[in-house]
Amino acid sequence: MATDQLMALDLLAAVVTTAAWLGAGVAAAYRRPRLALSLFAAAVPASLARAASVFALSRAGWWFAQEKVTVALPLLLVTGLVATVLTGPRLALAACRPGGAADSPAVVVPLLSTGYAAAAGLVVTFVFGYPATWSTALITVALVATAVLVTWRPGSVWRRAATAAILVIGLAGAALAFLPAEATDTGGGMGHPGEPGMRGGPVALTSLRGPAAPAPGGTVRRYTLTARTATVTLSSGQRVAAWTFNGQVPGPPITAAVGDLVEVRLRNADIEPGVTLHWHGYDVPSGEDGVPGLTQEAVLPGQEFVYRFLANRTGTYWYHTHEVSDRGVRMGLYGTLVVGPRTMGVDVTVPVHTFAGRLVFGDHDQPIGVRVAPGTPVRLRLINTDNTPHRFTLGGTPYKLVSVDGTDLNGPGELGRVGLRLPAGGRYDLAFTMPSAPSAPSAPSGPVAVLKADDRTPAVRLAPTGESASAAPSVARSDEDTSGWPELDLTRYGTAVTSGSAMPFTAASRFDRRFTLVLDRGLALVSGRPMYAHTVNGRAFPSIPMQMVSAGDLVRMTVVNRGRETHPWHLHGHRVLVLARDGRAPTGSPLWLDTFDVRPGEVWEVAFRAANPGLWMNHCHNLGHADQGMALHLAYEGVTTPFHGAHGG
Ligand code: C2O
Ligand code: CU
């Protein structure tokens with residue numbers, strides 16, 4: 001059974017267990033001994049089922065069961081055992097005797113207490129999440145004991161003693177919560193004094209900037225992007241209030257060839273919270289990365305900042321503001337970055353964005369129509385600029401998924417009726433040769449290739465030139481229901497490579513650092529404010545320990561999703577190689593990603609070479625989640641920054 005199903009099953013077992021114990025106690029108190037007995041008879045096996053489901057979860061990974069094994073189950077099993085011994089026989093007796101009563105405290109209190117303990121297990125999972133600490137455990141015990149005491153109402157001597165004990169336990173738990181946390185996580189690494197980046201003492205991040213000139217043969221690609229509020233008109237004529245670069249959404253497309261110097265002057269006209277430019281997926285020098293408070297200060301109205309970086313690899317990327325990025329990107333502060341060579345033929349870049357409640361492709365809220373001569377090579381570059389995944393289908397022609405996150409796949413095979421799930425922030429390049437219009441008289445003519453998003457919305461229609469744009473058949477074709485098409489599993493697509501630059505390391509390599517990120521929800525401080533946060537290892541930004549690496553390190557990162565939402569994980573400044581998903585190594589092309597969807601219950605193992613010294617964000621690209629705590633920093637030893645804004649999101 002998949003881990004997310006196990007998690008659901010375990011939740012069900014926990015709820016049923018809680019309800020059965022509480023119900024038995026209430027029924028007993030209201031002199032319904034038969035009902036109490038049957039609920040009790042359900043509660044015992046339900047508790048055992050809960051123990052079994054927790055055991056099964058722990059086999060999927062300790063992260064999925066830690067707080068259940070250490071807090072929830074001991075509480076449930078101890079109170080449940082006491083309740084069974086104390087009340088079982090009495091309940092049975094009372095239920096058998098006509099008019100038998102079961103409302104004595106000796107029956108009611110143990111039953112209800114077990115119910116409280118079972119409920120506390122749920123609270124631990126949902127309020128505190130992973131990992132349960134001594135603090136969580138003590139506070140939970142104190143809470144359960146308080147509830148028991150209030151129900152029990154023992155004599156004053158007992159009451160005073162119990163109250164004192166609860167106070168001590170509760171205060172100890174609360175005090176432990178204020179223990180200072182580790183500020184850094186070295187991932188088991190020792191530091192490599194003498195490695196590049198360390199030599200000659202600390203390196204200021206402000207010195208890690210792009211070059212002043214292009215590579216030999218390259219040119220300077222100059223852009224000025226002015227961030228300002230504007231009303232933009234979508235292709236349908238609908239007008240929406242937006243935050244824009246140069247008055248347009250998406251912002252001006254930035255293109256370059258390998259060897260060019262990209263120079264972008266960012267100006268802020270009137271975006272009050274400020275803006276920056278982050279080059280999503282492009283591994284620029286750290287000082288050009290556009291993270292406010294870390295690599296620069298936010299650019300406020302009236303200010304400007306100039307970014308310079310060398311176009312040193314081809315592919316499809318995008319840029320977006322990183323200041324109040326959740327709101328800023330949603331409002332329109334993003335654009336595309338494509339480094340050539342571009343396809344001779346038709347090369348269309350399609351950023352997909354939800355704008356004013358509808359799907360927008362580039363600046364089209366209606367399908368983009370393209371006329372293409374049969375035989376022409378076509379490349380569609382899909383970019384998901386939203387916070388959640390989109391599913392794409394391409395009908396009407398076989399095609400290949402040739403590139404993911406700017407890296408070409410090895411030996412991609414021909415695809416037909418499949419769905420492509422593109423994570424938030426991710427990019428897929430699709431390639432095919434424009435087919436001729438069907439020649440058989442019975443075959444439908446008109447648009448040949450239709451790209452759809454989320455199985456509903458046609459995004460791009462490519463019609464062969466020389467065909468009349470007869471509407472009826474094309475509607476039939478694009479109306480084909482694609483929702484049943486199976487999802488392509490990227491880890492099995494393409495051809496494996498066992499060595500060389502595409503596969504410089506494997507799961508068997510010796511890693512200098514290992515980090516584990518367990519993603520969950522829980523109560524935590526986000527920039528000093530208590531919040532039901534999106535957490536990493538039980539903490540939220542900025543108090544998640546900073547990951548420390550040294551230049552040259554081989555770093556392994558395990559990302560675990562314990563929650564019920566998908567987290568598109570994104571590390572700045574580095575591409576990561578996928579080693580395994582749920583323990584299984586990819587069997588297809590090597591997968592180098594900058595954004596990967598960690599779905600509920602999944603465990604991803606990825607690795608990268610620390611070869612880009614600086615200070616980097618490592619965060620969920622559901623930018624709302626990042627905003628609610630799911631962000632941390634990865635730092636190279638010895639790199640210092642003069643900026644200390646607390647945002648980063
Ligand atoms: Cu595309 Cu830190 O983001
Ligand atoms: Cu997330």
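Numbering of ligands and ligand atoms starts at 1, following listing order. If you read the sequence from its start, that first residue is 1, and numbering goes on from there.
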When you look at S53 and D10, which way does the side chain to side chain donor-acceptor pair (under 3.5 Å) test go after all the steps?
CA-CA 5 Å; S53 67; D10 178 64; 2.5 Å; yes
Using the ring of each side chain (for Trp, its six-membered ring), is H534 parallel, tilted or perpendicular to H625, with breaks at 30° and 60°?
parallel
Distance-only donor-acceptor check, side chains T255 and R221, under 3.5 Å
yes
When the ring centroid of H280 is compared with that of Y334, is the distance short of 6.0 Å?
no
Please walk me through it: do H619 and H322 pass side chain to side chain contact (heavy atoms under 4.5 Å, CB included)?
CA-CA 12 Å; H619 68 94; H322 220 286; 3.5 Å; yes
Counting backbone and side-chain atoms alike, does H322 have an N/O/S atom under 2.8 Å from atom 2 (Cu) of ligand 1?
yes
Please state whether the separation between atom 2 (Cu) of ligand 1 and some N/O/S atom of H619 is under 2.8 Å?
yes
Is H320 close enough to atom 1 (Cu) of ligand 1 to have an N, O or S atom under 2.8 Å?
yes
Taking atom 1 (Cu) of ligand 1 as the apex, ND1 on H280 and NE2 on H621 give an angle, to 10°, of 100°
Please name the atom of H572, limited to N, O or S, that comes nearest to atom 2 (Cu) of ligand 1.
NE2
Before moving on, can you tell me the angle at the Cu ion (ligand 2) between the ND1 atom of H567 and the ND1 atom of H625, to the nearest 10 degrees?
100°
